[in-house]
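Beneath this line is the structure, given in structure tokens, with notes to follow.
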Amino acid sequence: MLYIDGIWKESESKESFDVINPATGKVVDTVAKGSRKEAQSAIDAAQNAFPLWVKLTAKERYIYLKKAADILRGRVDSLAELITKEMGKPVAEAKGEIGLAIDYLDWYAEEGKRIYGDTIPASSPTKRLMVIHQPVGVIGAITPWNFPIAMITRKLAPALAAGCTVVLKPSEESPLSAMEVVKALHEAGIPNGVVNLVHGDAKEIGDALMESPVIKKITFTGSTAVGKELVRKSANTMKKVSMELGGHAPFIVFEDADLDKAVEGAIASKFRNAGQTCVCTNRIFVQKSISEEFAHRLKTQMEQLVVGNGLEEGVNIGPLINECAIEKTESHVIDAVSKGAKVIYGGSKTEGEAFSKGHFFNPTVLLHATNDMKIAYEETFGPVAPIFEFETEEEVIEKANDTIYGLASYIFTQNGARMFRVSEALDYGIVGVNDAMPTVAQAPFGGVKESGIGREGGKYGIEDYLETKFISFDFK
Ligand code: ADP
């Protein structure tokens with residue numbers, strides 16, 4: 001259903017679309033497909049709600065966000081199952097995502113109280129200079145399917161805490177989880193029009209948001225190609241933009257690393273969500289002296305990974321989102337093998353009756369990966385771990401930075417000086433030092449280069465929803 005001006009509704013056209021379970025091919029539910037007209041109604045509702053929402057105190061807005069967080073906290077089990085049915089990740093991972101999604105609501109509920117300004121020493125004794133921060137206005141939020149609720153609260157929580165109102169267009173692959181977040185806000189009593197939800201054709205709804213002069217900012221998480229398109233379109237009305245785009249994370253293992261920890265980290269960072277996150281490792285660089293040992297230990301640990309329907313107990317690797325994702329993953333393996341890579345584990349689609357209706361790919365390790373392979377520069381978004389060898393620190397820094405992307409990176413070493421040297425030299429927005437899971441609500445998340453613009457999370461994340469106003473008083 002669509003949610004416009006506080007009311008749940010079907011689309012006027014009566015059109016709808018199916019949500020397919022990627023593990024079974026079965027229809028999970030059918031969702032109303034909104035049109036440009038409904039997107040416009042949502043924008044109007046958000047515009048009308050803005051003057052009231054902006055006037056509330058931070059503490060009043062805190063109460064709504066906190067309540068929504070509490071409602072979600074009470075629904076973790078059912079919500080996790082829904083996420084798994086809708087986009088495939090194993091239930092345990094879905095629960096982890098819900099925890100993170102709630103953290104954003106909790107954290108920004110509080111952070112809204114700390115939108116401080118400044119006073120600045122004046123150049124004249126009769127003047128006083130003041131800086132205040134005000135919400136940018138109505139926000140358009142476009143979100144992906146891979147974290148179908150955390151990517152929403154990561155945007156909505158700071159936007160609402162700052163005093164902005166929102167039109168949300170979630171991914172057409174995961175509209176049901178999005179509805180659950182909006183339901184929690186609705187049940188928390190958020191005033192009509194403050195949050196609006198429109199499902200529908202990505203370009204049609206996207207264009208309505210991009211062309212509207214009412215929308216003052218677009219916050220987007222998704223592919224670099226679509227992000228670039230949105231930045232181009234934002235120019236016409238000079239919108240602010242926040243872009244969380246693709247990544248191509250290097251995972252660097254030095255010979256002085258704790259190897260068991262590095263292997264555990266590589267598995268967490270590469271195979272979480274079946275490799276479908278923008279911070280997933282895409283290239284594992286291992287120092288030559290330990291590469292065989294690392295590959296051997298990685299393969300041994302991977303033998304424990306279980307592929308299957310994420311609803312089943314013990315499954316670690318769920319399906320990929322759709323057939324396109326399988327084709328891309330497979331093409332990266334075929335291309336790498338044709339250029340000299342050796343498959344030491346996995347390497348193909350998962351066979352068998354239980355997997356025939358879903359989009360399953362075996363977790364894979366490739367040895368002897370080289371720079372000319374697609375996997376070295378295109379984002380795979382699938383469960384394939386290519387191992388590249390390197391000799392020196394300088395060499396690996398250069399190789400790790402040799403990409404258009406700059407989101408997450410990981411280094412494993414026990415040498416303190418190297419931790420500083422390498423993390424400062426990497427052209428990435430995030431560096432995990434012996435830490436494969438750095439994302440938390442209170443820290444900045446975002447990339448450099450073609451991985452995006454702006455930061456989400458922490459005190460940095462709310463700045464993107466605020467304008468800075470300078471007020472100069474002269475009482476001469
Ligand atoms: P992914 O490959 O992760 O689905 P996309 O960038 O295609 O990444 O999608 C991320 C979000 O962007 C989804 O909500 C999708 O519907 C939306 N989207 C895709 N194309 C457009 C577009 N042309 N305009 C606006 N939004 C779009």
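Counting convention: from 1, in listed order, for ligands and their atoms alike.
- The ligand atoms of ligand 1 that sit less than 4.0 angstrom from a heavy atom of Glu172 are 15 (C), 16 (O).
- Below 4.0 Å from some heavy atom of Ala202 lie the following atoms of ligand 1, by number and element: 16 (O), 18 (N), 19 (C), 20 (N), 21 (C), 24 (N), 25 (C), 26 (N), 27 (C).
- A donor-acceptor distance shorter than 3.5 angstrom exists from the side chain of Lys449 to the backbone of Thr403, with no hydrogens or angles considered.
- Looking at Phe388 and Phe251, their side chains never come closer than 4.5 Å, going by heavy atoms from C-beta outward.
- Between Tyr3 and His186, the ring center distance clears the sub-6.0 Å criterion.
- Salt-bridge formation is detected for the pair Lys89/Glu97: a Lys NZ or Arg NE/NH1/NH2 atom is positioned less than 4.0 Å from an Asp or Glu carboxylate oxygen.
- For ligand 1, the atoms closer than 4.0 angstrom to any heavy atom of Ser171 are 13 (C), 14 (O).
- Shown in contact with Thr221 at under 4.0 Å from a heavy atom are these atoms of ligand 1, numbered in order with element: 10 (C).
- Within a 6.0 Å sphere centred on NZ of Lys349, heavy atoms belonging to other residues, nucleotides or ligands number 12 at most.
- The nearest protein heavy atom to atom 1 (P) of ligand 1 is closer than 4.0 Å.
- Remark: ligand 1 and Trp145 share an N or O pair separated by less than 3.5 Å (distance only, no angle test).
- The main-chain N or O of Cys164 is found under 3.5 Å from a side-chain atom of Trp53 such that the two form a donor-acceptor pair.
- Side-chain atoms of Ser338 come within 3.5 Å of backbone atoms of Asp335 as a donor-acceptor pair (strictly under, hydrogens ignored).
- Those atoms of ligand 1 that come under 4.0 Å of a heavy atom in Pro170, given as number and element, are 14 (O).
- Counting only distance, with no hydrogens or angles, the side chain of Glu204 and the backbone of Ser35 share no donor-acceptor pair below 3.5 Å.
- A donor-acceptor contact shorter than 3.5 Å links the side chain of Ser409 to the backbone of Ile430.
- Neither the backbone nor the side chain of Phe381 comes within contact range of ligand 1; no heavy atom lies under 4.0 Å.
- For atom 13 (C) of ligand 1, the choice among Ile218, Thr143, Asp207, Thr224 with the nearest heavy atom turns out to be Thr143.
- When each of Leu176, Thr84, Ile98 is paired with Leu79, the side chain to side chain contact (heavy atoms under 4.5 Å, CB included) condition holds for Ile98 and for no other.
- Annotation: atom 17 (C) of ligand 1 to nearest protein heavy atom, Ile142 CG2, 3.6 Å.
- Any N or O atom pair closer than 3.5 Å counts here, and Ser223 shares at least one such pair with ligand 1.
- Shown in contact with Gly206 at under 4.0 Å from a heavy atom are these atoms of ligand 1, numbered in order with element: 25 (C).
- Counting only heavy atoms of the protein, atom 12 (O) of ligand 1 lies nearest to Phe220 CE1, 3.2 Å.
- Applying the 4.0 Å criterion to heavy atoms of Leu230 picks out, from ligand 1, the atoms 24 (N), 25 (C).
- Residue contact annotation: Lys169 has a non-hydrogen atom under 4.0 Å from ligand 1.
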